[in-house]
Amino acid sequence: MTIQEAYDVIYKNKVLVISDEDMQRVEDSYAFLKEFASDKVIYGINTGFGPMAQWRVADQYLTDLQYNIIRSHSTGAGDPLDLTDVKAAMVARVGVFLQGKSGVHPSIVKLLVEFINRGIYPYIPCHGSVGASGDLVQLAHIALTLIGEGRVYYDGMWRPTSEAMKMTGLTPIDIHIREGLSATNGTSVMTGIAIVNQYLAEHLLRLATLASVWMNEIASSYDDLMSAPLNEYRRHPGQIEIARLMRDYARGSKMLTKREHELYDNGHSDESTFEHKVQAYYSLRCIPQILGPIKETLDNSRRVIDEELNAASDNPIVDPTTANVYHGGNFHGDYISLEEDKVKIAIVRLVMTAERQLNYLFHDRINNILPPFLNMGTLGLNYGMQACQFTATSTTAECQTLAMPNYVHSIPNNNDNQDIVSMGTNTALLTRKVIDNAYQVLAIQFIALAQATDCLNITTKLAPATRAAYDAVRNLIETRIDDKPFYEEIQLVIDLLKEPTKLAV
């Protein structure tokens, strides 16, 4: 399963279909474990869990053991995860089971797929995972619904799982060997959240690139900042790609200035002062160099998520190929945790750049071409977008506070059995907070860009790509002259930016 295939299921409601070949791997792993485990001591099958693994569990209680880990670990707290994250976590869990290394009965895979395809979302609180034996607590909340208990969101409301199953004709799974432990063990919740973060962050980067082209159009910048030779000489693939994307977005613009025409060929060599800036401010001119590393960071996080989607993050690993059961720590969430911290830091940098670009638009003594705060009313009586900057600045400041890496935090717990943990789900959720904040700042920026375009009366001179963005904003928000509340309009533009089909970039 690729991350793009996961997107299709999560965002486009594509039906998740499991091939016969995939299900055969699950069946083979289950059949092998059933025979292999009959006369052996195997963690979590006939032993306790975690620090309780030193205690053997009597054969007559083995089924109870599996139910007990699900029920005892359903201890989450806080607001429920977003339904999109829940769906993504279930998709990621199916990906784990399809590796054929978990030894679970195929019925658990089939029921998870039914939940995904029918829009049945388990209640998963946001707090509970330390990301070491994976997402034990939050995965337990999914497993709780698979045995017919707990709550799910279905048909527009939260309801008991038993009620949703009755409505859909589904039945709870039975415990066969280790379904309880396997359903709760692994990185699927943090991976699911990371999948959604990746989707939102990649789109955010394209929006920031488009906004930066629009910014340079408003400033009538020289277009060599995005030229191919300049950026290729730096060698970094992210910078080269951002510059290429900028050229695509800028194609057809009548606002960007050609340096070779304006300064090289027009006899300006005898002028002592140039009215138009020879080089734009860094927040406009250095976009390939600033967004390039962000592009490469997201490329790497996509690679890691793709690998995690197709990883056996269970313990123990049941391998019919080598006829062995391996005990280790594939549930440890360091890969996702570290990548999500990198994504978080990268998006903070993106937000900081957008905030500086906003300051350029609002600060008349810096841009020298626009009224203060893009105020098209009466100066002193009206205030334009002055207060919008407060929101953008405070939101950016919060992002900077959240930029502190979470990957470096670990608190031993579980009788020190889990003596170093990843906190991967916490990291992914903090990254989501930064991404959501970024959309808020960019929404204000897009409103400001449209307002600046009207201030200069340059709508017809924009590139087709930036003109389409202008039109999309203006379809929601009229040019601002009189003072009116902005908060509802900001939310409308946030929704616009978050939906790729509404603003194609």
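- With hydrogens and angles ignored, the 3.5 Å screen pairs a side-chain donor or acceptor of His141 with a backbone N or O of Gly76.
- Enclosure of atom CD in Glu163 by more than 12 non-hydrogen atoms of other residues, nucleotides or ligands within 6.0 angstrom is indicated.
- Atoms CD1 and CZ, from Ile347 and Arg349 in turn, are 13.0 Å apart once rounded to the nearest 0.5 Å.
- Under the 4.5 Å side-chain criterion, counting only non-hydrogen atoms from C-beta, Tyr439 is in contact with Leu207.
- Under the side-chain hydrogen bond (donor to acceptor under 3.5 Å, both in side chains) criterion, Asn117 pairs with no residue at all, not counting sequence neighbours.
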Give the table of side-chain donor-acceptor pairs shorter than 3.5 Å for residues 167-174, with sequence neighbours excluded, one pair per line with atom names and distance.
{"residue": "Thr168", "atom": "OG1", "partner": "Ala164", "partner atom": "O", "Å": "2.8"}
{"residue": "Thr168", "atom": "OG1", "partner": "Met165", "partner atom": "O", "Å": "3.3"}

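- Side-chain contact between Leu476 and Glu489 is absent, with no heavy atoms from C-beta onward closer than 4.5 Å.
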Which donor-acceptor pairs under 3.5 Å do the side chains of residues 78-88 make with protein atoms, sequence neighbours left out?
{"residue": "Asp82", "atom": "OD2", "partner": "Thr84", "partner atom": "N", "Å": "2.9"}
{"residue": "Asp82", "atom": "OD2", "partner": "Thr84", "partner atom": "OG1", "Å": "3.1"}
{"residue": "Asp85", "atom": "OD1", "partner": "Arg432", "partner atom": "NH1", "Å": "3.2"}
{"residue": "Asp85", "atom": "OD1", "partner": "Arg432", "partner atom": "NH2", "Å": "2.8"}
{"residue": "Asp85", "atom": "OD2", "partner": "Arg432", "partner atom": "NH1", "Å": "2.9"}
{"residue": "Lys87", "atom": "NZ", "partner": "Val9", "partner atom": "O", "Å": "2.9"}
{"residue": "Lys87", "atom": "NZ", "partner": "Asn13", "partner atom": "OD1", "Å": "2.9"}

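- Ser74 contributes a side-chain N or O that, together with a main-chain N or O of Ile70, makes up a donor-acceptor pair within less than 3.5 Å.
- Legend: residues meeting ring-ring contact (aromatic ring centres under 6.0 Å, His included) with Tyr11, ordered by chain and number and at least two apart, are Tyr199.
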Tabulate below the donor-acceptor pairs under 3.5 Å that side-chain atoms of residues 392-402 make, not counting sequence neighbours, or state none.
{"residue": "Thr393", "atom": "OG1", "partner": "Gln389", "partner atom": "O", "Å": "2.8"}
{"residue": "Ser394", "atom": "OG", "partner": "Phe390", "partner atom": "O", "Å": "3.2"}
{"residue": "Ser394", "atom": "OG", "partner": "Thr391", "partner atom": "O", "Å": "3.1"}
{"residue": "Thr395", "atom": "OG1", "partner": "Thr391", "partner atom": "O", "Å": "2.6"}
{"residue": "Thr396", "atom": "OG1", "partner": "Ala392", "partner atom": "O", "Å": "2.7"}
{"residue": "Glu398", "atom": "OE1", "partner": "Asn437", "partner atom": "ND2", "Å": "2.8"}
{"residue": "Thr401", "atom": "OG1", "partner": "Ala397", "partner atom": "O", "Å": "3.3"}

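- Rounding to the nearest 0.5 angstrom, the gap separating the NZ atom in Lys101 from the CG atom in Asp28 is 10.0 Å.
- In this structure, Glu21 places its CD atom where only 12 or fewer heavy-atom neighbours from other residues, nucleotides or ligands lie under 6.0 Å away.
- In this structure, CG on Leu139 lies 8.0 Å from OG on Ser129, to the nearest 0.5 angstrom.
- By the salt bridge (charged side-chain N to carboxylate O under 4.0 Å, His left out) test, Arg206 is found to be paired with no residue, residues two or more places apart in sequence or in another chain being considered.
- For Glu179 (side chain) and Ile177 (main-chain N/O), a donor-acceptor pair under 3.5 Å exists by modelled atom type.
- A donor-acceptor distance shorter than 3.5 angstrom exists from the side chain of Arg159 to the backbone of Tyr154, with no hydrogens or angles considered.
- Listed for the Thr145 side chain is a donor-acceptor partner under 3.5 Å among the backbone atoms of Ile142.
- Checked for salt-bridge contact, Glu339 and Lys342 meet the test: a charged N lies under 4.0 Å from a carboxylate O.
- Atom-to-atom distance recorded for Thr297:OG1 and Leu291:CG is 11.0 Å, nearest 0.5 angstrom.
- There is no side-chain donor-acceptor pair under 3.5 Å between Thr427 and Asp341.
- Minimum interatomic distance between Trp158 and Tyr121 (heavy atoms only, all atoms of both residues): CZ3-O, 3.6 Å.
- Counted by atom type alone, Glu296 and Asn300 present zero donor-acceptor pairs between their side chains at under 3.5 Å.
- A donor-acceptor pair under 3.5 Å links the side-chain atoms of Lys344 to the main chain of Met404, judged by distance alone.
- Taking every heavy atom of both residues into account, Leu62 and Asn46 meet most closely at CD2-CA, 3.7 Å.
- Evaluation of the side-chain hydrogen bond (donor to acceptor under 3.5 Å, both in side chains) rule for Tyr407 yields Asp334 as partners, not counting sequence neighbours.
- Residue Arg178 comes nearest to Gly103 through the heavy atom pair CG-O, 4.2 Å, listed as atom of the first residue, atom of the second, then distance.
- One finds no salt bridge joining Asp155 and Arg118 here, because no Lys/Arg side-chain nitrogen approaches an Asp/Glu carboxylate oxygen to under 4.0 Å.
- A 4.5 Å side-chain heavy-atom check between Leu309 and Ile195 finds at least one atom pair inside the cut-off.
- The closest side-chain heavy-atom distance from Ile490 to Gln440 is not below 4.5 Å.
- When the shell of 6.0 Å around CD of Gln54 is examined, it contains 12 or fewer heavy atoms from other residues, nucleotides or ligands.
- No donor-acceptor pair under 3.5 Å is formed between the side chain of Glu241 and the backbone N or O of Gly292.
- For the atom pair Ser188 OG and Asp314 CG, the distance stands at 9.0 Å (nearest 0.5 Å).
- Within the 4.5 Å cutoff, the side chain of Arg244 has no heavy atoms near those of the Ile240 side chain.
- Heavy-atom contacts from other residues, nucleotides or ligands closer than 6.0 Å to CZ of Arg56 number more than 12.
- No donor-acceptor pair closer than 3.5 Å links the side chain of Thr187 to the backbone N or O of Met190.
- A distance-only check finds a donor-acceptor pair linking the side chain of Thr161 to the backbone of Glu149 [under 3.5 Å].
- Of the N and O atoms on the side chains of Gln491 and Asp495, at least one donor lies less than 3.5 Å from an acceptor on the other residue.
- In this structure, Arg93 satisfies the cation-pi test against Phe97, with its NZ or CZ atom closer than 6.0 Å to the six-membered ring centre and inside 45 degrees of the ring normal.
- Checked by atom type, the side-chain pair Ser313/Glu308 shows no donor-acceptor distance below 3.5 Å.
- Annotation: ring-ring contact (aromatic ring centres under 6.0 Å, His included) contacts of His176 (sequence neighbours excluded): Tyr30, His105.
- Annotation for Lys40: atom NZ counts as buried by contact number, over 12 foreign heavy atoms lying within 6.0 Å.
- Remark: Glu307 engages Arg303 in a salt bridge, criterion side-chain N to carboxylate O under 4.0 Å.
- Applying the ring-ring contact (aromatic ring centres under 6.0 Å, His included) test to Tyr470 and every residue at least two apart in sequence or in another chain returns nothing.
- Side chains of Asn197 and Thr431: a donor-acceptor N/O pair is absent below 3.5 angstrom, by distance only.
- Applying the side-chain hydrogen bond (donor to acceptor under 3.5 Å, both in side chains) rule to Asn231 yields the partners Gln239; only residues at least two apart in sequence or on another chain are considered.
- Here SG of Cys388 is found 5.5 Å from CD1 of Ile444. Values are rounded to the nearest 0.5 Å.
- One N or O on the side chain of His327 and one on the backbone of Tyr43 form a donor-acceptor pair closer than 3.5 Å.
- With sequence neighbours excluded, the residues satisfying side-chain hydrogen bond (donor to acceptor under 3.5 Å, both in side chains) with Lys295 are Asp299.
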Requested in this report: Go through the steps to decide whether Ile287 and Thr353 satisfy the test side chain to side chain contact (heavy atoms under 4.5 Å, CB included), and finish with yes or no.
Outcome: CA-CA 9 Å; Ile287 294 306; Thr353 304; 3.9 Å; yes

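- Residues satisfying the salt bridge (charged side-chain N to carboxylate O under 4.0 Å, His left out) criterion with Arg25, sequence neighbours excluded, are Asp22.
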